[in-house]
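Excluded from the calculations below are hydrogen atoms, water molecules and symmetry mates; all remaining heavy atoms, backbone and side chain alike, are included. Since this is a predicted model, take the numbers as computed values, not measurements.
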Amino acid sequence: MADLKLEREFPVNADTLFAWLTDGAKLLQWWGPEGMHVTENKLDFSRLGPWYSVIENSEGQKYKVSGHVTHIDVPNSVGFTWAWHDDEDTRGNESHVIFTVTTTASGSRLVLDHRELADAESATNHEQGWTSSLRKLEARCK
């Protein structure tokens with residue numbers, strides 16, 4: 001198993017950042033790596049329960065990921081399970097994601113913990129995907 005941790009600073013208060021991380025309409029504005037867009041979803045991390053998204057790249061390849069929102073502590077943290085689906089829509093290895101928000105002198109900080117990834121290669125791939133997605137969030141959450 002492998003874990004990854006990313007941190008980003010945002011020039012907004014914790015409540016605003018938390019809304020960008022949990023509200024479905026806001027999530028759709030940054031969810032998925034650059035160059036990809038969400039084609040189907042049940043993205044809402046403001047409540048416990050199932051979620052999923054299908055993202056598509058410029059070549060038309062689709063990728064589905066799903067899980068369950070496991071905890072919500074407004075405006076401090078939200079956690080959810082995460083698993084990619086194969087071509088037959090079977091869920092793969094399940095991992096866990098936690099977004100933690102803290103107040104800073106200049107706004108707020110996001111700590112993204114993605115735990116229990118299958119291996120180091122999976123952690124590297126997820127780090128690239130999250131880094132790209134977070135760039136989109138940084139561009140919108142100002």
Can you tell if the side chain of Ser122 reaches within under 4.5 Å of the side chain of Asp119, non-hydrogen atoms only? yes

Evaluate the criterion side-chain contact (heavy atoms from CB on, under 4.5 Å) for residue pair Ile98 and Arg115; output intermediate values, then yes/no. CA-CA 8 Å; Ile98 299 173; Arg115 301 176 183 164; 3.7 Å; yes

Shortest non-hydrogen pair, Glu127 vs Thr131, comes out as O-OG1, 2.7 Å

So ring pair (Phe, Tyr, Trp, His ring centres under 6.0 Å) across residues 42-68, not counting sequence neighbours, yields Trp31-Phe45, Trp31-Trp51, Phe45-Trp51, Phe45-Phe80, Trp51-Phe80, Trp51-Trp82

Ser58: which residues meet the side chain to side chain contact (heavy atoms under 4.5 Å, CB included) condition with it, sequence neighbours left out? none

The complete set of salt bridge (charged side-chain N to carboxylate O under 4.0 Å, His left out) pairs with one or both residues in residues 24-34, sequence neighbours excluded, reads Glu34-Arg135

Work out which heavy atom in Leu4 is nearest to a heavy atom in Ala123; give both atom names and the distance. CD2-O, 3.4 Å

By salt bridge (Lys or Arg N to Asp or Glu O under 4.0 Å), Arg140 pairs with (sequence neighbours left out) none

Considering all heavy atoms, the nearest Gln61-Asn57 contact: OE1-ND2, 2.6 Å

Using the test salt bridge (Lys or Arg N to Asp or Glu O under 4.0 Å), find all partners of Asp89 that sit at least two apart in sequence or belong to another chain. Lys64

Say you draw a straight line from CG of Asn41 to CG of Leu28; how long is it, rounded to the nearest 0.5 Å? 4.5 Å

Smallest heavy-atom separation, Gly32 atom then Lys136 atom, equals O-NZ, 2.8 Å

Supply the members, apart from Val111, of the Ile/Leu/Val/Met/Phe/Trp/Tyr cluster built from side-chain contacts under 4.5 Å; use none for a lone residue. none

Salt bridge (Lys or Arg N to Asp or Glu O under 4.0 Å) partners of Glu7, counting only residues at least two apart: Arg109

Asp73 meets the salt bridge (Lys or Arg N to Asp or Glu O under 4.0 Å) criterion, sequence neighbours left out, with none

Smallest heavy-atom separation, Ser133 atom then Pro33 atom, equals OG-N, 3.3 Å

Side-chain contact test, heavy atoms from C-beta onward, threshold under 4.5 Å: evaluate it for Val101 versus Pro75 and give yes or no. no

Nonpolar side-chain network containing Met1, other nodes, edges under 4.5 Å: none

Holding to side chain to side chain contact (heavy atoms under 4.5 Å, CB included), I want the full list of residues that pass it with Asp87, two or more places apart in sequence or in another chain. none

Quick one, Trp84 and His126 - any side-chain contact, counting heavy atoms below 4.5 Å? yes

Once salt bridge (charged side-chain N to carboxylate O under 4.0 Å, His left out) is applied, what residue pairs with a partner in residues 11-25 remain, sequence neighbours excluded? none

Closest heavy-atom pair and its distance - Leu48, Ile72: N-CD1, 3.6 Å

Set of side chain to side chain contact (heavy atoms under 4.5 Å, CB included) partners for Val12, sequence neighbours left out: Phe10, Thr16, Leu17, Ser108, Cys141

Verify the cluster assignment for Val69 and Val54: are they in a single hydrophobic cluster under the rule of side-chain heavy atoms below 4.5 Å apart? no

